[in-house]
Amino acid sequence: MKKINIAIDGFSACGKSTTAKRVATALGYVYIDSGAMYRAVTLYLLDKEVDVLNQKKVVEHLDDIEIDFNLNKNSNVCETYLNGVNVEDKIRTFRVASKVSYVSTFKEVREKLVAWQRQMSLKKGVVMDGRDIGTVVLPHADIKFFMTADIEVRSERRKIELERSGKKLSLEEIKTNLQERDRIDTTRSESPLRKAAEAIEIDTTHLTFDQQVQKVIDLAEGLIHED
Ligand code: CDP
């Protein structure tokens with residue numbers, strides 16, 4: 001059967017990662033969380049007490065950073081490793097979320113991560129989510145999606161997600177962070193968040209999670225089974 005690459009871009013907390021993960025499982029594909037890579041770089045810098053707004057200082061550390069994804073055999077979920085250490089929980093904290101969009105504006109950071117992301121997609125059968133997947137990382141992806149959702153709905157969803165992993169933040173704090181990241185991600189000069197011309201837009205505001213997943217699977221399967 002033909003294997004395709006699927007790109008999913010969109011604003012923070014639209015359900016991209018959860019959708020991408022489910023779609024990958026349903027199709028037997030590999031899920032690549034590009035945001036986790038930017039988060040892992042940010043975690044490394046924060047732990048080393050590097051000023052994340054200082055491009056020169058950030059770039060000096062890039063050669064010391066290795067990121068991998070390894071399957072957790074108990075949960076059957078791929079987890080993020082930074083220099084050999086599992087950082088899956090640490091990269092999802094507010095400490096990292098509040099700084100990651102500054103780090104991801106830097107050209108050198110993007111070049112390093114984009115090269116890895118392309119390398120991982122060579123064999124096809126990949127679902128990758130992020131901000132620049134359809135526009136820059138995989139411009140020849142077989143199918144591209146662009147997810148949006150109302151900011152109030154996104155903030156609520158992220159709050160529930162954080163609470164599930166024991167992190168309590170106010171709705172206002174979460175909303176401010178999402179809006180700030182959207183602003184930085186769409187206005188940066190290096191590969192800003194944009195809808196690729198041929199991307200299929202999915203507004204998830206009024207969709208259940210199962211509906212949004214099914215929509216992506218149906219469209220992808222249409223392509224996979226096409227002659
Ligand atoms: O899950 P959430 O939508 O909150 O964000 P994420 O996908 O984990 O990405 C975290 C941050 O990394 C984004 O706000 C972007 O600043 C950056 N990012 C990026 O610049 N390019 C990507 N391909 C993926 C993430």
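Atoms within a ligand are numbered from 1 in the order they appear, just like the ligands themselves. The figures here come from the full heavy-atom set of this structure, side chains too, leaving out hydrogens, waters and symmetry mates.
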Ala13 N/O under 3.5 Å from ligand 1 N/O: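 There is such a contact, yes.
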Are [X] and [Y] ion-paired here, with the side-chain N under 4.0 Å from a carboxylate O?
{"X": "Lys48", "Y": "Asp64", "value": "no"}
{"X": "Asp185", "Y": "Arg131", "value": "yes"}
{"X": "Glu161", "Y": "Arg158", "value": "yes"}
{"X": "Lys112", "Y": "Glu108", "value": "no"}
{"X": "Asp203", "Y": "Lys195", "value": "no"}

Non-hydrogen atoms of Met37 and Ile67 that approach each other most closely: O-CD1, 3.6 Å
Looking at every non-hydrogen atom in both residues, tell me the closest pair between Pro192 and Thr186 and how far apart they are. CB-O, 3.5 Å
For [atom], the option (of [options]) bearing the nearest heavy atom:
{"atom": "atom 14 (O) of ligand 1", "options": "Val137, Ile184, Asp185", "answer": "Asp185"}
{"atom": "atom 24 (C) of ligand 1", "options": "Ser34, Gly10, Pro192", "answer": "Ser34"}
{"atom": "atom 25 (C) of ligand 1", "options": "Cys14, Ala7, Gly35", "answer": "Gly35"}

Distance filter under 4.0 Å to [X] heavy atoms, resulting ligand 1 atoms:
{"X": "Arg39", "result": "1 (O), 2 (P), 4 (O), 5 (O), 6 (P), 8 (O), 10 (C)"}
{"X": "Asp132", "result": "21 (N), 22 (C), 23 (N)"}
{"X": "Lys16", "result": "3 (O)"}

Verdict with supporting geometry, Glu180 and Arg183, salt bridge (Lys or Arg N to Asp or Glu O under 4.0 Å): CA-CA 5 Å; Glu180 178 65 355; Arg183 186 189 65 73; 3.0 Å; yes
Report the part of Arg131 in contact with ligand 1, treating N, CA, C, O as backbone and CB onward as side chain, heavy atoms under 4.0 Å; options are side chain, backbone, both, neither.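 For Arg131, the contact with ligand 1 is made by both the backbone and the side chain.
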Where on Met37 is there a heavy atom closer than 4.0 Å to ligand 1, on the side chain, on the backbone, on both, or on neither?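 Contact part for Met37 vs ligand 1: neither.
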Proximity flag Arg188 to ligand 1, non-hydrogen atoms under 4.0 Å: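 Yes.
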Any atom of ligand 1 sitting under 4.0 Å from a heavy atom of Arg158? yes
Can a donor-acceptor pair be found, under 3.5 Å and without considering hydrogens, that links the side chain of Lys144 to the backbone of Pro139?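 Checking the backbone N and O of Pro139 against the side chain of Lys144, a donor-acceptor pair under 3.5 Å is found.
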When you measure from [atom] to every protein heavy atom, which one gives the shortest distance, and what is it?
{"atom": "atom 17 (C) of ligand 1", "result": "Ser104 OG, 3.5 Å"}
{"atom": "atom 21 (N) of ligand 1", "result": "Arg110 NH2, 3.0 Å"}
{"atom": "atom 10 (C) of ligand 1", "result": "Arg181 NH1, 3.5 Å"}

